[in-house]
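These notes concern the structure reproduced below.
We name chains A, B, ... by the order of the sequence lines, and we start the count at 1 in each one.
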Amino acid sequence: MTYTSDLLRLLEQRGYIHQMTDAQGLDALAARQIVPGYIGFDATAPSLHIGSLVQIMMLRRLQQAGHKPIVLMGGGTTRIGDPTGRDESRKMLSDQTIEDNIASIRTIFSRLLTFGDGPTDAVMVNNQDWLGQLGYIQLLQEVGTHFTVNRMLSFDSVRLRLEREQPMTFLEFNYMILQGYDFRHLAKDMGVALQMGGSDQWGNIVNGVELTRRMDQKEVFGLTTPLLTTASGAKMGKTAAGAVWLNEDQLPAYDFWQYWRNCDDADVGRFLRLFTDLPLDEIARLEALPGAEINAAKVVLANEVTALCRGADAARTAEATASATFAAGGLGEDLPVLDVPSEGVRLGAACTALGFTASNGEAKRKVVEGAVRLDDAVMDDAGLLINLAPGETRKLAVGKKKIGVLKGI
RNA sequence: GGACAGGUGGCCGAGUGGUUAAAGGCAGCAGACUGUAAAUCUGCCCGCGCAAGCGUACGCUAGUUCGAAUCUAGCCCUGUCCA
C-alpha cells in the first residue's frame, strides 16, 4: 500500500514494518502532526545488544521523519520480567543493578538520537517513576477491571508457557498489564500516540492500545518490526564470544565491526536499509554487486554501523585493522594484544587469555586440529612455551578470523 | 493435603547396576573448498595440568554395592488430576 506520510513511507521502504494496529489511521496522523512514539527497553544488562538495534534505529527514523522519539526505560517492569518468549522466570535484579544498567544503556541512545526540549527532540523516561507509585488496590481497580483473565490466558506470552507445561508465576503474569499501563500513562501525560516494538511485543502493544481506549477513550497506535533473523535463520546478535553488545565496554569496536563484515551475502541489503542512513539507491547498487565484490558492500555496512554506534574514529580504526590483517596479512592496531611476561606463556594458555578459546582444553583441541598458527606457521604443541623479548611481537591466530598479538613486556 | 508423572551436558533427547565423560539431534568451533559469504564433506565439542595424571558431572542429601545417571530412603522443584 502507499502511504501519504513521510514516516510510514520511510519505515516501509527500509523494511521496518511487520504489523500495525491501524495503518490508515496512523498514516493520517503522521501526515498532519508530530507523532510522539515510544519503544520500551529492558534494563537486564549494562548494554543493549544488536537484537535491540532495529528498535533503536526505528526511533531514529521517527526523528528523521520529523516526529518525537521517546525512549522508555523499563526500570519498573524489569523488576517483573517479561515472560514473552521464555520458558523460565527471569532472575531478580537488585534496584541498584537496574539503575546502573539504565545509566550504562543511555550512552547508545545519545549517539543515535538528538535529545533536548524541542518538539521533535528525544526524551528518555523511566516507568519506575509511575509504576513505583502505584498502589496494588488502586492498580486492580483502575486497570484490572479492563482485563479479563480469559483474554490474558489467550496471549502467546502466557499460552505458550502453559502449553509447554512450564511454570509462570503470578508476578510475570502481571507484566502485560503493566506494559499496557505504560502506554496509557504516556498517552495521557505526554500525548504519546504510538508504541513500537519487536513482533514478539505485538500482544503487549495491543493491550496498551485497548487499555488506553477503554480508560481514556483515546485512539493510539501500535507498530511492530519483523523478527530479525540472519539469512541462515539464527536469531541475530550471537557470536562465539556471546552477544554483540552495543556498548564499547562490553565489546571492542573491532569485534563489533567484524560482526557486520562477516554477515551473510543475503543479509547485506536488508541490513544496510535497517542499520545505516545510506540512501536507498546507493544501497540498491551495493547489494547488487556480483560474486566476491559483495565484500565491498559488507565493508560499507560495517563502517556505517560502527560509525553510528561507536563513532567515526572507531569505524576507521577497525577498518584499517581489518585491512592490514586480512588484506596485507600483517597486524592492525586494533587487534587484541596479550602482554607476555618475561617467564613466557604457553601457546594454549595464550589462546585462552586472548578469548579465542574458552578453556585450555579447547585450545589444545584446536592445536590438534591444526587451527592455531604462530606467525602464520601451524603449531602442533599447545604446551609450547613462548618467550618474547620486551617489545617483541608475534601474531597468534586461531582459525582464520581470530587473530591477536603477543607482546613481550 | 492426596494420587500420578517428571527433573540428564548450551538446548532437545536416549540411557534403568559394569569399556558411561554418558547414544542421537540442534547450536557452536575448526579443517577442506571459497570471497573474512552460502552450500557441502570431515573433525572437535566438561574443567585443570607442559605431561604422567587428576578433578568434577545426570535436582539435593544420605545409603546399598567391588561398582550407580541407573537400586533404597528422605528432601527440594515442576506438571497433571483430585480435595
Side-chain angles (χ1 to χ4, degrees), chain A residues 85-89 160-170 172 229-244 254-272 286-303 306 318-332 334-335 343-373 376 378-387 395-404:
Chain A
R86 35 181 83 240
D87 270 353
E88 284 178 7
S89 305
L160 293 175
R161 185 84 76 88
L162 295 179
E163 274 176 8
R164 303 191 61 174
E165 301 191 347
Q166 297 296 322
M168 166 172 280
T169 64
F170 185 64
E172 296 171 274
T229 55
T230 64
S232 38
K235 212 169 173 178
M236 251 191 103
K238 296 285 181 181
T239 65
V244 182
Y254 175 68
D255 293 325
F256 186 81
W257 192 92
Q258 279 291 328
Y259 177 82
W260 298 102
R261 171 62 185 82
N262 282 314
C263 76
D264 285 13
D265 287 7
D267 285 329
V268 176
R270 194 161 53 107
F271 286 179
L272 282 168
L286 286 170
E287 72 175 325
L289 289 172
E293 288 178 42
I294 193 84
N295 283 328
K298 295 187 188 182
V299 171
V300 171
L301 173 68
N303 282 341
T306 307
E319 186 193 2
T321 296
S323 161
T325 307
F326 290 100
L331 296 171
D334 236 7
L335 292 176
E343 61 267 29
V345 65
R346 303 226 178 246
L347 181 61
C351 295
T352 304
L354 279 164
F356 296 163
T357 50
S359 67
N360 288 351
E362 188 187 340
K364 220 168 309 174
R365 281 178 238 122
K366 289 294 161 247
V367 170
V368 171
E369 290 172 14
V372 179
R373 279 160 296 138
D376 299 318
V378 176
M379 295 288 107
D380 59 4
D381 177 17
L384 178 72
L385 188 63
I386 302 167
N387 283 296
K395 176 174 164 188
L396 177 67
V398 177
K400 278 173 290 202
K401 295 176 195 168
K402 296 170 197 159
I403 298 169

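Going from atom CG of Leu286(A) over to atom C1' of A37(B) covers 16 Å, rounded to whole Å. In this structure, Asn295(A) places its CG atom 12 Å from C1' of A38(B), rounding to the nearest Å. Phe271(A) has its CZ atom 15 Å from the P atom of A37(B), to the nearest Å. Whole-Å rounding puts the Lys400(A) NZ to A37(B) C1' distance at 11 Å. Look at CG on Asp265(A): it is 8 Å from C1' on G35(B), rounded to the nearest Å. Straight-line distance from the CG atom of Asp264(A) to the P atom of U34(B): 20 Å, rounded to whole Å. Remark: C1' of G31(B) and NZ of Lys366(A) are 9 Å apart, rounded to the nearest angstrom. In this structure, the CG atom of Asp380(A) is 16 Å from the C1' atom of G31(B), given to the nearest Å.
Across all non-hydrogen atoms, the minimal contact from Glu319(A) to Val299(A) is OE2-CG1, 3.5 Å. Nearest approach of Val268(A) to Cys263(A), heavy atoms of both residues: CG2-SG, 3.8 Å.
Shown here is Asp381(A), whose CG atom has more than 12 heavy atoms of other residues, nucleotides or ligands within 6.0 Å.
The CG atom of Asp267(A) lies 9.5 Å from the CH2 atom of Trp260(A); values are rounded to the nearest 0.5 Å. Between the CD atom of Gln258(A) and the NZ atom of Lys402(A) there is a distance of 12.0 Å, given to the nearest 0.5 Å. Distance check: Ile294(A) CD1 to Glu287(A) CD gives 7.5 Å after rounding to the nearest 0.5 Å.
Checking U36(B), G43(B), G35(B) against the side-chain heavy atoms of Lys401(A) singles out U36(B) as nearest. Considering only the side chain of Ala371(A), G31(B) comes nearest among G31(B), U36(B), G35(B). In this structure, of G35(B), A30(B), C33(B), it is A30(B) that holds the atom nearest to the side chain of Lys402(A). When each of U36(B), C44(B), U34(B) is scored by its nearest atom to the side-chain atoms of Glu369(A), the top-ranked nucleotide is C44(B).
Here salt bridge (charged side-chain N to carboxylate O under 4.0 Å, His left out) pairs that include residues 348-369 of chain A, with residues two or more places apart or in two chains, are Lys366(A)-Glu369(A).
For the C1' atoms, the distance linking A21(B) with C45(B) amounts to 12 Å, nearest Å. Taking the P atom of each, A3(B) and U8(B) are spaced 24 Å apart, rounded to whole Å. For G67(B) and U16(B), the C1' atoms lie 16 Å apart once the distance is rounded to whole Å. Comparing A62(B) with C11(B), their C1' atoms are spaced 32 Å from each other, to the whole Å. Rounded to the nearest Å, the gap between the C1' atom of G18(B) and that of A30(B) is 35 Å. Atom C1' of U64(B) sits at a distance of 39 Å from the matching atom of A51(B), rounded to the whole Å. Straight-line distance between the P atoms of G10(B) and G47(B): roughly 10 Å, to the nearest whole Å. Taking the P atoms as reference points, U70(B) lies 15 Å from G6(B), given to the whole Å.
Proximity of Phe326(A) to Ile403(A): side-chain heavy atoms (C-beta onward) are separated by under 4.5 Å at one or more points. Proximity of Leu396(A) to Leu347(A): side-chain heavy atoms (C-beta onward) are separated by under 4.5 Å at one or more points.
If you run side-chain hydrogen bond (donor to acceptor under 3.5 Å, both in side chains) between Trp257(A) and each of Asp334(A), Thr321(A), Asn303(A), only Asn303(A) comes through. The side-chain contact (heavy atoms from CB on, under 4.5 Å) test with Cys351(A) is passed by exactly one of Val367(A), Thr357(A), Asn360(A): Thr357(A).
Among the atoms of the strands shown, base atoms are found under 4.0 Å from some heavy atom of Gly291(A). At a threshold of 4.0 angstrom between heavy atoms, the contacts of Gln258(A) include nucleobase atoms, whether or not backbone atoms are also involved.
Between Gly370(A) and Cys263(A), the residue anchored nearer the 5' end of RNA chain B, judged by the nucleotide with its closest heavy atom, is Gly370(A). Between Val398(A) and Ala292(A), the residue whose closest nucleotide on RNA chain B is further toward the 5' end is Val398(A).
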Summary of protein contacts for nucleotides 45-50 of chain B, nucleotide by nucleotide, where a base hit scores B, a sugar-phosphate-only hit scores S (4.0 Å, heavy atoms):
S-SSBS
Canonical and wobble pairing (Watson-Crick, G-U, under 3.5 Å) of RNA chain B, dot-bracket with |:
((((((((.[[[..)..(.....]]].(((((.......))))).(((....)))...[[[[[..)....]]]]]))))))).
